[in-house]
Amino acid sequence: MALAFCGDEGNSTAYNVDHGVLNNGCFVDALNVVPHVFLLFITFPILFIGWGSQSSKVHIHHSTWLHFPGHNLRWILTFILLFVLVCEIAEGIVSDGVSESRHLHLYMPAGMAFLAAITSVVYYHNIETSNFPKLLIALLFYWTLAFITKTIKFVKFCDNDVGFSQLRFCLTGLLVILYGMLLAVEINVIRVRRYVFFKSPKEVKPPEDLQDLGVRFLQPFVNLLSKGTYWWMNTFIKTAHKKPIDLKTIGKLPIAMRALTNYIHLNEAFEAQKNKRSSLPQGSGSIWRALCCAFGRPLLLSSTFRILADLLGFAGPLCISGIVHNVGKGNNTIRPQTKILGVFFISSQEFLSNAYVLAVLLFFALLLQRTFLQASYYVAIETGINLRGAIQTKIYNKIMQLSTSNMSMGEMTAGQICNLVAIDTNQLMWFFFLCPNLWAMPVQIIVGVLLLYYLLGISALIGAAVIIVLAPVQYFVATKLSQAQRSTLEYSNERLKKTNEMLRGIKLLKLYAWEHIFHSSVEETRQKEMTSLKAFALYTSISIFMNAAIPIAAVLITFVVHAHLTRNADFSPSVAFASISLFHILVSPLFLLSSVVRSTVKALVSVQKLSEFLSSEEIGEEHDKCSELRSADNHSKYQAVVSDNITNGFFTWMPEGPPALSNIDIRIPQGQLTMIVGQVGCGKSSLLLATLGEMQKISGNIFWSSPEKESSVDMEFRKRGSVAYASQKPWLLNATVEENITFESPFNKQRYKAVIDACSLQPDIDILPHGDQTQIGERGINLSGGQRQRISVARALYQQTNVVFLDDPFSALDIHLSDHLMQEGILKMLREDKRTIVLVTHKLQYLPHADWIIAMKDGYIQREGTLKDIQKSETELFEHWKTLMNRQDQELEKETIIERKSVLERTNLRRTMYSREALLKDDEDDEEEATESDDEDNLSSVLHQRAKMPWRACGKYLSAAGILLLPLLVLSQLLKHTVMVAIDYCLARWTSDAIAAKTELELRNCSVCKDFNHSPYSKVFSILCCLGIVLCLVTSIAVEWTGLKVTKKLHSSLLNKIILAPMRFFETTPLGSILNRFSADCNTIDQHIPATLECLSRSTLLCVSALAVISYVTPMFLIALVPLAIMCYFIQKYFRVASRDLQQLDDSTQLPLLSHFSETVEGLTTIRAFRYEAKFRQKLLEYTDSNNIASLFLTAANRWLEVRMEYIGACVVLIAAVTSITSCLYNNLSSGLVGLGLTYALMVSNYLNWMVRNLADMEIQLGAVKRINGLLKTEAENYEGLLCECSIIPQNWPDRGEIQIQNLSVRYDSNLKPVLKHVNAHISPGQKIGICGRTGSGKSSFSLAFFRMVDTFEGRIIIDGIDIAKLPLQTLRSRLSIILQDPILFSGTIRFNLDPEKKCTDSMLWEALEIAQLKHVVKALPGGLDAIVTEGGENFSQGQRQLFCLARAFVRKTSIFIMDEATASIDMATENILQKVVMTAFADRTVVTIAHRVHTILNADLVIVMKRGLILEYDKPEVLLEQEDSVFASFVQADK
């Protein structure tokens, strides 16, 4: 059949121009081609030349991106235009299919118009990106011509009585309107930009974000198509595959999304609410209103997109119904009756009864629906992220103004505030994510039920009722699930606390052979946790089961009722498969419902907390102007001398409480040293804080002097300047040592060196792994108390402020360091600089240095003046001071344990600094991130292991499930999906046979014929459905059961491995990293992997079964499947890498943000004293923005993937539809199978992206399994001895306590140098040995060698005739006693701390406490021996803790007793008593004392002096003292 533009039916109507040329339809159509050809001719050269010139710099830089006016409208109109043109082409083909010849003029002009429309938008896009609007003139001509030619065609239709009943008339009318609107848009661009017809064109610059090259997040700036498909992400995701994504790669946030911008919006909304309702108290209602006001608009947009997407979702079932129905009738288009202008016209009804048309429409509907859905998600998530940033900033600004009393009086703990930031802001963010569901769900449910009713009548309502009735059950399960999760969390926190204690005290546990006690204690808590994990798993599996089973049940009930109850029911494939699709659609909102309701409840609670926090007390500004002016008159005589004075001040911590400081009248002379002294708790620190304005002032005034040059008028507006303040409890930043000292001030090398020297920090800096560039962990976790205090003081010394406040800077320092700091730092650096210094101290020996002294007592000033004044007027006080001073000078002031660390402690310090992995926390619900934002994990950045999918970890995980569960897991999944397919296949056969029987009846037209018998079909269908429901239950239980078994196995093997690991392992592995395995990784394996595994296997098997069904229905489909599969593979490959990197970035940027909050809360007074609020706010904004941009990129990457997967899904549907329609029409495929194929094709598009997303999640979560497996490879200590416990070792060994050391050489690890070299010694039973030597001489290693804690590679130690190398470790360690220099107490009772093995009677414990001078302390406690010890023994002082450790060693009646610098933190008097007691109580035991302070071992029987691992001197102390040149004598001399 020949093709001809006007057709070739041989009649001349086509070429007849008798009634005027414009009345010939074919000519009008030809005229319509002209504009399109014009555009193609004009634009192609420009595009080619343009692209040719740009190909050198392939990517136009986005700094020229600029949207012309009407940008979005133009894109939308172009899309509509393209859709209408596709309809016009289809209409031409369908209506022409009726006539004998082919009339090209029916669809060729539309095809040309389609090409021209695409060209127009490409052309426009290129002009826009190069910002050259003059070229738009071509489009102006095009739209004008197109509009005119279409109007002519439309007018001719009207003349020839073509009306609305003909589809072509409607399409032409639509095109006229569209071309008209596009013309209007074009004219508008000229009007606004004036690029032509105007004298001066308007210069417009692109947005400033784009001129800043750091912005890489382009979503707000790209064109509409790129926004909808995330096309701009392509280059980003490609580069991610080549090199890891870091903060530099993702660049800065666009201005509109920065935390500051959003905070300003939110604050304006808050202020507006305040002004509106100033009379009413501000509750959570006003916060909600402010949030809606600030972030309501994007949410509205998101909800609109969501509702549009949901409505378009119903196109699927309706199109399936239409296609199957039409195919069943043989796709016969009714012969059109209307012939006008020599061609046929068809109505829209006739148009839509063509199956191919429906298939194309379904394809477009799917594309649109998916695009809208992803756009809705994206907008909601972006709004949520912006909201989170704004609220975090709001909370931070509030923290900056919190009154100190709130913090110290426990109204607001740091933990609560961190929870507010970590959890509550995230809850709100999640609520905003899920918010659009709140309005979209009801719409979806109502429309779904109506459509079902339209298809199936009353039986549909029964099916829908099943789904709706079961929704509350699901909600109940969901609440139970969150309860189980909460109780699991409580137990896991308790377990972590125990694990943490166990790991911190691991050295003690090993030395005392108590590992098994703590092991069983952790296991016991783990058992409790497992119980609630079982509940969690049970409810999870019920939830999974209901998700899968409800649609099956609903379908079963509906169809059985429909077939049997409604006699002449329309039981055709078209109805059946449309209903199945509808049921699938209905189920999803009902599942979401439970999570949306939960999220809403949580959000309400969070806002309540937020409103309480925002309404809490703020600090008052102390500067009212009149008092400032008054001060200028009254105190002019002070002005030069007084830095600060307080008149008649009463201060309190609590607004209602009694004043903590009363009747304060003091003056602090300028440029001099003022000391504040007094007993503990008399208000010295409070006085400093009151001066800084941290306390609530009841009455009185505080005056700060101004520099002389300011006149009194300037003073009116002057507030207190910056004060360098070192608080009593040192506060450090999570930054390097240098940053902590310079504290945001410019770096001055000379001054920095002087400060380091004054605080004697150089030796400490030298042993840190990276010197002063070492990161200090959170709260200074890797420094000792003395080091923290000195860094804190160094910060105050380094600052150039006029006023310096030091609150007890000597408390953690020994006498040498204190003296050095006083002389070099305070007197030299500060006083000679004429700085005003206020020093709170207990060290009265420094009083003679003071220029002014303030003595305090019980919250009031006892006396102020110079030392001379006080000597004259308060002789009693002065004498009291004098006796104290003498005592302090004689006792070489107790040296604290903390400074003189042994080598081992130094290595400990080193190991806390090795690289850390960032905490991989997940699950927004998981409150651990707040409580456990782990000590050390944020010290160094994550090392990317960009490996392939961790299949080995997956294998390890599954193999841990055991031989029985694994086959059950796999088989049940496969069976379930087979049964699912069988159910649908059965339905296809049933409906096909029913419709065939019905058609036959109609053909035969007999009234007597039997009706079709449904019962055999419905029986098989019911059996299959029930089997399917049972299998759903089996699979869900199998998955969770596997999860439980694996998690139990992994945790217990991890715990066993860790507790038996050698001490060296703990010295080289950061504690945080081990703890992380027990916290974050165990949590992932406990709660997340099973769910992800289930989701992954379900979505994968669904996709596979769906593709199998489609291929079975139409084998042709397999050919098209290959390119789609290849695309899928590459998309997921690229996505997984980018997603993993972004996920890690998101997590690692969250840590600094959370730690910045907790840091600020802890150092609030310091920050405010320094007046550094603005700097810290700036830091917060940076942290928030970097976290938000990582989250935004992660969201965009997810949308990128989903849009692509959904589009591939839509292609699958289109191909499946076209191939199955064709096979049905030409190869007699039954219409039931067509329905089956299409229903499954729709499922593929739903589950493809789930599959990839779960694959990416699984990959991240299997990292946890990989890391735990890494730790499981740790070598354990060799616990087995050569000697068997029972046979050779006497029960009471060692009974005498004789020690022979023969040629002993010891090292910490086989690849390290020896720390003891060829040591020989003989210790007789009952001797008291003292070992001394400088730091690092090997004293502590000597003591550890007895316990085989270090590697003895040469020589041996023989105790009472047995070589200790041959003993089982447990036996050896349980028969010796040691007291370490670090006192370690565990949480529990005092009884547990002294005797965890429960071997001793109460009288023995009391006796030990009496020896340790603690009996009176314990007697006074409630509960005596059963009094509670808090974590780390925090409720006892350092000295008392050390005494408890002594008592613990006394309880073990062993004949060998080792004390490792055990008395370092005890005051002199107690120590002397102890020395005597040890000599008497241990008269018959062998005691080895390792001493810091040599005078403690002067009474020993033997003294060993060590140096660099060798014994230097070995003799009685008196002998050594007589030798002039002995090292021991020089030590004693120095210690005097």
Side-chain angles (χ1 to χ4, degrees), residues 1-41 44 81-120 142 145-157 159-160 162 166-176 178-179 331 333-348 350-352 354 356-357 359-361 1218 1222:
M1 185 174 18
L3 280 175
F5 188 73
C6 296
D8 59 346
E9 285 124 328
N11 61 359
S12 55
T13 46
Y15 299 101
N16 185 353
V17 287
D18 299 349
H19 305 295
V21 78
L22 284 180
N23 282 335
N24 180 314
C26 190
F27 176 77
V28 175
D29 284 337
L31 192 62
N32 267 297
V33 180
V34 176
H36 314 316
V37 176
F38 158 79
L39 182 74
L40 293 174
F41 267 119
F44 262 81
L81 176 67
L82 289 171
F83 177 70
V84 174
L85 288 170
V86 170
C87 290
E88 192 176 19
I89 296 170
E91 191 269 351
I93 293 172
V94 172
S95 62
D96 193 34
V98 188
S99 31
E100 291 70 47
S101 83
R102 291 278 167 263
H103 293 73
L104 272 181
H105 71 98
L106 292 182
Y107 43 87
M108 190 186 125
M112 294 293 286
F114 186 79
L115 274 178
I118 289 179
T119 311
S120 79
Y142 170 61
L145 287 174
F147 177 64
I148 293 169
T149 51
K150 269 288 172 251
T151 314
I152 292 173
K153 183 172 177 178
F154 187 66
V155 169
K156 286 302 150 199
F157 277 168
D159 293 350
N160 286 303
V162 181
Q166 271 76 37
L167 180 62
R168 202 173 308 157
F169 176 81
C170 305
L171 290 176
T172 310
L174 267 177
L175 286 170
V176 171
L178 284 170
Y179 283 130
N331 204 25
T333 311
I334 315 107
R335 176 105 202 192
Q337 300 309 312
T338 332
K339 193 168 182 184
I340 306 170
L341 296 171
V343 282
F344 289 103
F345 281 73
I346 54 169
S347 68
S348 51
E350 292 160 346
F351 179 63
L352 287 178
N354 184 307
Y356 288 112
V357 168
V360 174
L361 279 180
V1218 171
T1222 311

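Values below: all heavy atoms of this structure, side chains included; hydrogens, waters and symmetry mates excluded.
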Practice task
With sequence neighbours left out, write down each residue that passes ring-ring contact (aromatic ring centres under 6.0 Å, His included) with Phe147, or none if nothing qualifies.
Solution key: none
For residues 108-117, tabulate all N or O donor-acceptor pairs below 3.5 Å that involve a side-chain atom, not counting sequence neighbours.
none

Handout entry: Val34 and Thr149, any side-chain heavy atoms less than 4.5 Å apart
Key = no
Problem - Side-chain heavy-atom pair Phe44, Thr119 within 4.5 angstrom cut-off - result: yes
Problem - Counterpart residues, ring-ring contact (aromatic ring centres under 6.0 Å, His included), relative to Phe83 (two or more places apart) - result: Phe364
Practice task
Identify the two heavy atoms, one from Phe38 and one from Tyr142, that lie closest to each other, and give their separation to 0.1 Å.
Solution key: CE2-N, 4.0 Å
Exercise for the section: Write down the atom of Leu352, the atom of Leu361, and the distance for their closest heavy-atom approach. Expected result: CD2-CD1, 3.4 Å
Exercise for the section: Determine, stepwise, if the pair Ile346 / Gln166 fulfils side chain to side chain contact (heavy atoms under 4.5 Å, CB included). Expected result: CA-CA 6 Å; Ile346 54 169; Gln166 271 76 37; over 6 Å; no
Exercise for the section: Please examine the side chains of Val357 and Val94, heavy atoms only from C-beta on, and report whether any two atoms are closer than 4.5 Å. Expected result: yes
Handout entry: Side chain to side chain, Lys150 and Thr172, heavy atoms closer than 4.5 Å
Key = yes
Practice task
Drop me the distance from Leu82's CG to Ser120's OG, to the nearest 0.5 angstrom.
Solution key: 7.5 Å
Exercise for the section: With sequence neighbours left out, write down each residue that passes side chain to side chain donor-acceptor pair (under 3.5 Å) with Ser348, or none if nothing qualifies. Expected result: none
Handout entry: Non-hydrogen side-chain atoms of Ser95 and Leu106 separated by less than 4.5 Å
Key = yes
Handout entry: Salt-bridge contact Arg168-Glu350 (side-chain N to carboxylate O under 4.0 Å)
Key = no
Fill in the blank from the handout: Sorted by chain and number, sequence neighbours left out, side chain to side chain donor-acceptor pair (under 3.5 Å) with Tyr179 holds for none
Problem - Minimum-distance pair of heavy atoms, taken over all atoms of His105 and Asp29 - result: ND1-OD2, 2.6 Å
Problem - Spatial distance of atom CG (Asn32) from atom CD1 (Ile152) [nearest 0.5 Å] - result: 8.0 Å
Practice task
Report the distance from atom CG of Leu171 to atom NZ of Lys153, rounding to the nearest 0.5 Å.
Solution key: 9.0 Å
Exercise for the section: Not counting sequence neighbours, list each pair that qualifies as a salt bridge (Lys or Arg N to Asp or Glu O under 4.0 Å) and has a residue in residues 30-41. Expected result: none
Practice task
State the CG-CG distance between Leu174 and Leu178, to the nearest 0.5 angstrom.
Solution key: 6.0 Å
Problem - Gap between atom SG of Cys170 and atom CG of Leu175 - 0.5 Å precision - result: 11.5 Å
Handout entry: From OH (Tyr107) to CD1 (Ile93), nearest 0.5 Å
Key = 6.0 Å
